[in-house]
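This structure is a prediction, so every number in the text was calculated from the model and none was measured. Convention: sequence-line order gives letters A, B, ...; per-chain numbering from 1.
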Number of protein chains: 2
Amino acid sequence: MRSAEFDRSHVLEQAMHTFMEHGYAKASMQKLTQATGLHPGSIYCAFGSKKGLFIEAVSFYHQQKLQAFESLFSEDQPVLSSLKELLANTVQECVQNTCAKVCLLTRSLNEIEGQDPEIARLIATNLQQIELSLGEQIARAQRQGEAISDEEPLALARFITMGVYGMRTYAFTNADQSILEQMATQLLRAIEKH
Amino acid sequence: MRSAEFDRSHVLEQAMHTFMEHGYAKASMQKLTQATGLHPGSIYCAFGSKKGLFIEAVSFYHQQKLQAFESLFSEDQPVLSSLKELLANTVQECVQNTCAKVCLLTRSLNEIEGQDPEIARLIATNLQQIELSLGEQIARAQRQGEAISDEEPLALARFITMGVYGMRTYAFTNADQSILEQMATQLLRAIEKH
DNA sequence: GATATACTTGAATGTTCATTCAAGTGCCCT
DNA sequence: AGGGCACTTGAATGAACATTCAAGTATATC
């Protein structure tokens, strides 16, 4: 036996960046080999295909985001504070001038539409998982008597989720921080109790 | 002299559908020649390049949407009714199982990010124009004493715009009509007076 | 240290792509 | 009626693409 010479996480990190920067179609194998330092043969050995690498990169991204989400919504803090922070972080990402401004999931979902149902389903599932987690947090906020609307928690979670998707696309037309912050405020106000 | 044998509008309509169905990158010249009935030479003669055809198709789409917008917001109807109708129409588009479910502008903006600033700027300008028109209508609603928030009209317009972008991406994860309708209701409620 | 077993290498493959262009065709103006 | 011009045609072009594979190389085991 002989173990692989590359660090899989590191390779996925670089591939993820390449897909975020160029999108799926325009991230050529040449760019991917340059970014990861792997030769084509190694990528095909380790991931099967460009699509296989993409799927793993998407999952990698998803895991990162999910982890960030869960560490943000810790038990000993009001849910609404965490949610505010989540939106503030999203705004910060959107105004960056790096590939960090794009959400690999939403961007790829837009790109892939009508092309590859398998990838589309995977991304949709990933996004729904975060939406579901948010729903649980909102339910907790209601139980804890925070100043939040008493609508169905999942409906509120969907609304916030939709808002985040909208902000990300909106930021492509106008990446103005104060405008995005205002949107975040409007979104929060919409789910507050009144 | 000799006039072109094809109808430019018809060609743009078909090209538009092709780009909506496959996206910019995956709409190959072969697909475009089949859809438009034009030969490559004719396309290059009439539009210069695939990019040129895309830019005109995007403008064509934009004009259609702008026209639909302006005929929806007629003077003799409350703005809030028209807005409700606009959102209902958006929901209807999103739940279709044809290429009509995608907005060529927002989808392409997502796809093109980081690839072609010229196209990105064009699309952003188009989207901002609709946002601006919406702002004018919201200002009119306020003047006419409709039950709408007294925040800055442009801020309200941005919020609705963001909501529509968000719904379109959300629909890719879950094209459930009742869920999208609920989102539309939530969006409207957020800009109502209370 | 020898051998087997994987992993690595990167040039080669065949396909698909956007684009070009020279030949062909029909229309308009005189 | 006929000459000239612009549009049409579609095969040809070369670049870029994802993918493959045979040769090379390092490591683990004995």
To the nearest Å, how far apart are B:Q34 CD and D:dG10 C1'? 14 Å
Quick one: which protein N/O atoms are closer than 3.5 Å to N/O atoms of nucleotides 19-23 of chain D? Pair and distance per line, please.
| unit_1 | atom_1 | unit_2 | atom_2 | d |
| --- | --- | --- | --- | --- |
| D:dT19 | OP2 | A:Y44 | OH | 2.3 |
| D:dT19 | OP2 | A:K50 | N | 3.0 |
| D:dT19 | O5' | A:Y44 | OH | 2.8 |

What pairs of residues pass the salt bridge (Lys or Arg N to Asp or Glu O under 4.0 Å) test when at least one of them lies in residues 147-172 of chain B, not counting sequence neighbours? A:R189-B:E151, B:E93-B:R168
Selection residues 171-194 of chain A - residue pairs positive for ring-ring contact (aromatic ring centres under 6.0 Å, His included), sequence neighbours left out: A:H194-B:H194
Taking only residues at least two apart or on different chains, which pairs with a member in residues 28-50 of chain B satisfy salt bridge (Lys or Arg N to Asp or Glu O under 4.0 Å)? none
With sequence neighbours left out, the residues meeting side-chain contact (heavy atoms from CB on, under 4.5 Å) with B:A100 are B:Q96, B:T98
B:D7 has an atom CG; how far is it from atom P of D:dT8, in whole Å? 12 Å
If the condition is ring pair (Phe, Tyr, Trp, His ring centres under 6.0 Å), which residues does B:F69 pass it with, not counting sequence neighbours? B:F73
Between A:K31 and B:C45, which residue's closest nucleotide on DNA chain D lies nearer the 5′ terminus? B:C45
Side chains of B:T173 and A:I123, heavy atoms from C-beta outward: is any pair under 4.5 Å? no
Rounded to whole angstroms, how far apart are CD1 on A:I43 and P on C:dT8? 11 Å
Which residues, if any, of residues 9-28 of chain B bring a heavy atom under 4.0 Å of DNA chain C? B:A27, B:S28
Here the distance between atom P of C:dA6 and atom NE2 of A:H39, to the nearest Å, is 22 Å
B:Q63: partners by side-chain contact (heavy atoms from CB on, under 4.5 Å), with sequence neighbours left out: none
Tell me, which pairs form a side-chain hydrogen bond (donor to acceptor under 3.5 Å, both in side chains) where one or both residues lie in residues 106-130 of chain A, sequence neighbours left out? A:K51-A:D116, A:K51-A:E118, A:H62-A:Q129, A:N110-B:T169, A:E113-B:K101
